[in-house]
Asker: 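Take this structure first; my questions come after.
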Amino acid sequence: MKNKKLFLIPYYLWIFLFVILPILLIIWYSLTDSNHHFTLNNFVQFFRNGTFLRMMINSFWYAFLITVITLLISYPAAYFLTKMKNQQLWLMLIILPTWINLLLKAYAFIGILGNNGLVNKFLHLFGIGPVNILFTDFAFIFVATYIEIPFMILPIYNAIKEIDTALIQASEDLGASKWQTFYYVLWPLSKPGVESGVQAIFIPSLSLFMLTRLIGGNRVITLGTAIEEYFMTTMNWNMGATIGVVLIILMVLVMLLTGRKRKRKRVNL
């Protein structure tokens, strides 16, 4: 037993140095001013300033849109994937884009959506353009959705794959339509995968800042953008840390809400 506990030391050390300590450091900065004196003025300023509240609403709105669009695309894709041959090959092709660095993918889309990009060159063949696609809300949501799709497809695919096909066949044999089979059998049984996918998409989408800069330009402003601005441009680390703490709290609340739903389902079962 003692030897086994020794193997846990690197794990606990890693968690303390790279998870707990950074969070404590952010909290300390948020509760102090530039002279390192304790103050709650940073939080007062955040909740009194309409700009910060608009950023928070924007963050939720963009995260919601990205999550919903990703779900609408991923659920049918995951369902048909379970019916296809060579599923492992298709899964590998879906996972493959996640191996590419996010920055490289962002610059690739700049080349695709720019005024001289592939999309505008294609539209030029029909006498259309150039169309200003880059640095718009549409471009930001489109690119963010493309990047997040694999993280939604995989949990839904695993959930659907675990459903006993006999339940689907029984529903059809009892005269249920395809819509009824989906609504009463397939959707409830695959809901845990959907919830995992929503959590995996919604929470990271709250803090996006690289795509907001490179793809959305200065038109897309979120809490992640504000954090990057205060830390890298204005050098107001105290306010940047305050926004970071608020963002962490919002993420924890989302996790707790989804976690409570799962616990309730387990109790009911």
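All residue numbers refer to positions in the sequence shown, counting from 1.
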Asker: Looking at Tyr230 versus Trp237, is the centre-to-centre ring distance below 6.0 Å?
Answerer: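 No, they do not, as the ring centres are separated by 6.0 Å or more.
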Asker: Within a strict 4.5 Å, meaning less than it, do heavy atoms of the Asn115 and Leu134 side chains meet?
Answerer: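 The answer is no; the side chains never approach within 4.5 Å.
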Asker: Where the side chain of Gln87 meets the backbone of Thr82, is there a donor-acceptor pair that is under 3.5 Å apart?
Answerer: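 Between the backbone of Thr82 and the side chain of Gln87 there is a qualifying donor-acceptor contact (under 3.5 Å).
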Asker: Would you say Leu31 and Thr39 make side-chain contact, with heavy atoms under 4.5 Å?
Answerer: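 Answer no - side chains too far apart.
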Asker: If you count heavy atoms of other groups shown closer than 6.0 angstrom to CE of Met84, is the number above 12?
Answerer: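 It does: Met84 CE has more than 12 such atoms within range.
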Asker: How long is the straight-line distance from CD1 of Ile168 back to CZ of Phe182, given to the nearest 0.5 Å?
Answerer: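 Reported to 0.5 Å precision, the distance equals 10.5 Å.
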Asker: Less than 4.5 Å apart, any side-chain heavy atom of Ile66 and any of Leu208?
Answerer: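 Result yes, sub-4.5 Å side-chain heavy-atom pair found.
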Asker: If we count only N and O atoms by modelled type, under 3.5 Å, do the side chains of Thr67 and Thr70 hold a donor and an acceptor together?
Answerer: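 No donor-acceptor contact under 3.5 Å links the two side chains.
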Asker: Heavy-atom distance under 4.5 Å between the side chains of Met255 and Ile203, does that happen here?
Answerer: yes
Asker: Determine, using ring centers only, whether Phe202 and Tyr62 are less than 6.0 Å apart.
Answerer: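 No, too far apart.
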Asker: Could you tell me the separation between the OG atom of Ser196 and the NZ atom of Lys191, rounded to the nearest 0.5 Å?
Answerer: 13.0 Å
Asker: Can you confirm whether or not the ring centre of Tyr11 sits under 6.0 Å from the ring centre of Trp14?
Answerer: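 Between Trp14 and Tyr11, which both carry aromatic rings, the centre distance is not below 6.0 Å.
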Asker: Any side-chain donor paired with an acceptor under 3.5 Å for Ser30 and Asn238?
Answerer: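 No.
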Asker: Would you compute the distance between atom CG of Leu211 and atom OH of Tyr146 and round it to the nearest 0.5 angstrom?
Answerer: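 With rounding to 0.5 Å, CG (Leu211) is 12.0 Å from OH (Tyr146).
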Asker: With a 4.5 Å cut-off on side-chain heavy atoms, are Ile69 and Phe142 touching?
Answerer: no
Asker: Should we count CZ of Phe52 as having more than 12 external heavy atoms under 6.0 Å?
Answerer: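 Yes - once you tally the heavy atoms of other residues, nucleotides and ligands closer than 6.0 Å, there are more than 12.
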Asker: May I ask you to check whether Asn49 and Thr51 show a side-chain donor-acceptor distance below 3.5 Å?
Answerer: yes
Asker: Quick one: are Leu53 and Arg48 in side-chain contact, heavy atoms under 4.5 Å?
Answerer: no
Asker: Whether the Thr212 and Thr225 side chains hold a donor-acceptor pair (N or O, under 3.5 Å, no angle test) is what I'd like checked.
Answerer: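 Result is yes, a qualifying pair exists.
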Asker: Enter the distance from Ile243:CD1 to Glu229:CD here, rounded to the nearest 0.5 Å.
Answerer: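 Ile243 atom CD1 to Glu229 atom CD measures 9.5 Å (nearest 0.5 Å).
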Asker: More than 12 foreign heavy atoms under 6.0 Å from CH2 of Trp28: is that the case here?
Answerer: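 Count over threshold, so yes.
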Asker: Do Leu223 and Leu250 have side chains that get closer than 4.5 Å, going by heavy atoms?
Answerer: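 Yes; the side chains approach each other to less than 4.5 Å.
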Asker: Does the side chain of Ile149 reach to within under 4.5 Å of the side chain of Ser74, using non-hydrogen atoms?
Answerer: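 When only atoms from C-beta onward are counted, Ser74 and Ile149 do touch, with a gap below 4.5 Å.
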Asker: Give a yes-or-no answer on whether the side chains of Tyr75 and Ser190 include a donor-acceptor pair shorter than 3.5 Å.
Answerer: yes
